[in-house]
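A short worksheet on the structure shown next.
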Amino acid sequence: MTSQKEMFDRLCRSGVDLAAYSTYEIGGEAAHLALPRSTEEVALLLDGARTRGLNPYLFGMGSNTLFPDAPDPDMLFFSLKEHIEFKLLPGRLFVSAGTPMTLLALFGLYTGIDSFDFTFLLPGTLGAGIYMNAKYFSHQISDVLETAYVIDKEHPEKGIVPIPLSGCEYGYKTSIFMRRPLIVVGADLKLPVDPQLTPAQTDELFARLKAKNLPTSVLPNYFRHYTNELNAAARAGLNVRQELLDVIADRGGKLHFDYPSCGSVFKNNYTIGEPMGKLVDRLGLRGTVRGGAKISDHHGNIIQNRGGAKAGDVTDLVKLVQEKVEAQFGFVPEPELVIV
Ligand SMILES: Cc1cc2nc3c(=O)[nH]c(=O)nc-3n(C[C@H](O)[C@H](O)[C@H](O)COP(=O)(O)OP(=O)(O)OC[C@H]3O[C@@H](n4cnc5c(N)ncnc54)[C@H](O)[C@@H]3O)c2cc1C
């Protein structure tokens, strides 16, 4: 029989470059990295980390995370992005936390359900989307969430605990998950209508969605892969809603996927009346370079890795924007980017 220790050792890899796990393509060598494929493996990792005195650090696709150049050797980095699971239930869809959000939009494409359209080309996993209430224009994850299922990092012995939408304390890019050490392992998402599928069609659909997953954090590949999927569906005669095509035009037009980045760096401050990108523009900071990092020429709230950027280059630009915005507009912008 395999011991707990052997299972932990089998799950963990050492000397892995974190740069391959972040859309910033920045991050040094992690002493411990694991990609659990089930909630049982998550529990085992937490238990093993506690016994070994390691500090577990959870992430998804790394599309909102700046990893350090020299990670602490006592950290156990783990991502749920290889845990992809769907279950169709009456009036709802169970989805595991590691599932890329964009697959929800594909689920909608194949079933005629439009409530997930806003997740198309929204990088990242559902778990992180639930954590930070990911948003695209007026739509956000809290619009489609019914129940989140979590493990308390400090009390894994409690098992999986459901949190209904009303308990998630959602606001603009904020939630209970940002204030408490909760690992989202899955969620029930609302379905406006039940897709009329036989069990065989349901199995086929979920197998197809899983096959469409592209486990990469390289943004141009991500964009090309899912855009091609939509174009292929249109060519095959599927009704592709205009909203989905608009996402391609909008995100492609803003050059979101041309260089490694984590999307918007700062949250907007709605009391100011202008989005962060506009404030950075007004300060004339677009195009500012520090080392290999650059404030995008096209969007003041995006800092790109233009080649060989270090985490310190990005944080230098973060500090510069914070100082200039504070001096000119009287507030310190809050990063949306998670800086490890
Ligand atoms: C090109 C580009 C465009 C973007 N556009 C948008 C946009 O329009 N709207 C938007 O909201 N965001 C946008 N983002 C940011 C990103 O898509 C979201 O923040 C997304 O939710 C991050 O998912 P992830 O899996 O990559 O998270 P990660 O970067 O891996 O993790 C982010 C945070 O979530 C926590 N987390 C991850 N998984 C879990 C879990 N299972 N349980 C609890 N906590 C967890 C991590 O601990 C970390 O603190 C964009 C990013 C890029 C690169």
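Computed over heavy atoms, backbone and side chain alike; hydrogens, waters and symmetry mates excluded. Indexing begins at 1, ligand by ligand and atom by atom, following the structure's order.
Looking at ligand 1, you won't find any N or O of L122 less than 3.5 Å from one of its N or O atoms. Taking any N or O of G62, backbone or side chain, at least one lies under 3.5 Å from an N or O belonging to ligand 1. Between L219 and ligand 1, a contact under 3.5 Å exists for no N or O pair. Residue Y136 has no nitrogen or oxygen atom sitting less than 3.5 Å from a nitrogen or oxygen atom of ligand 1, judged on distance alone. Looking at S261 next to ligand 1, no N or O pair under 3.5 Å apart turns up.
Note on ligand 1: R251 sits in its first shell, one or more heavy atoms being nearer than 4.0 Å. Taking a 4.0 Å cut-off on heavy atoms, V185 fails to register as neighbouring ligand 1. Contact annotation: K173 has at least one heavy atom less than 4.0 Å from an atom of ligand 1.
Taking all atoms of both residues into account, the shortest heavy-atom contact from S63 to T23 is CA-OG1, 3.1 Å.
Both the sub-6.0 Å distance and the 45° axial angle are satisfied by R52 relative to the ring of F8.
For atom 46 (C) of ligand 1, the closest non-hydrogen atom of the protein is L58 O, 3.3 Å.
With ligand atoms numbered from 1 in the order given, ligand 1 contributes 20 (C), 21 (O) to contacts under 4.0 Å with heavy atoms of M101. Every atom of ligand 1 is numbered from 1 in the order shown, and the set under 4.0 Å from a heavy atom of L182 is 43 (C). Interface atoms of ligand 1 facing T23, defined by a heavy-atom separation under 4.0 Å, are 53 (C). Near T125, with a cut-off below 4.0 Å to any heavy atom, the atoms of ligand 1 are 23 (O), 24 (P), 25 (O).
Under 3.5 Å, the side chains of T174 and R179 contain a donor-acceptor pair of N or O atoms. No hydrogens or angles considered: nothing links the side chains of D117 and Y136 as a donor-acceptor pair under 3.5 Å.
Proximity of the aromatic rings of Y172 and Y270 is defined here by a centroid distance below 6.0 angstrom, and this criterion is met. The distance between the ring centers of Y21 and F77 does not fall below 6.0 angstrom.
No side-chain heavy atom of Y24 sits less than 4.5 Å from a side-chain heavy atom of T65.
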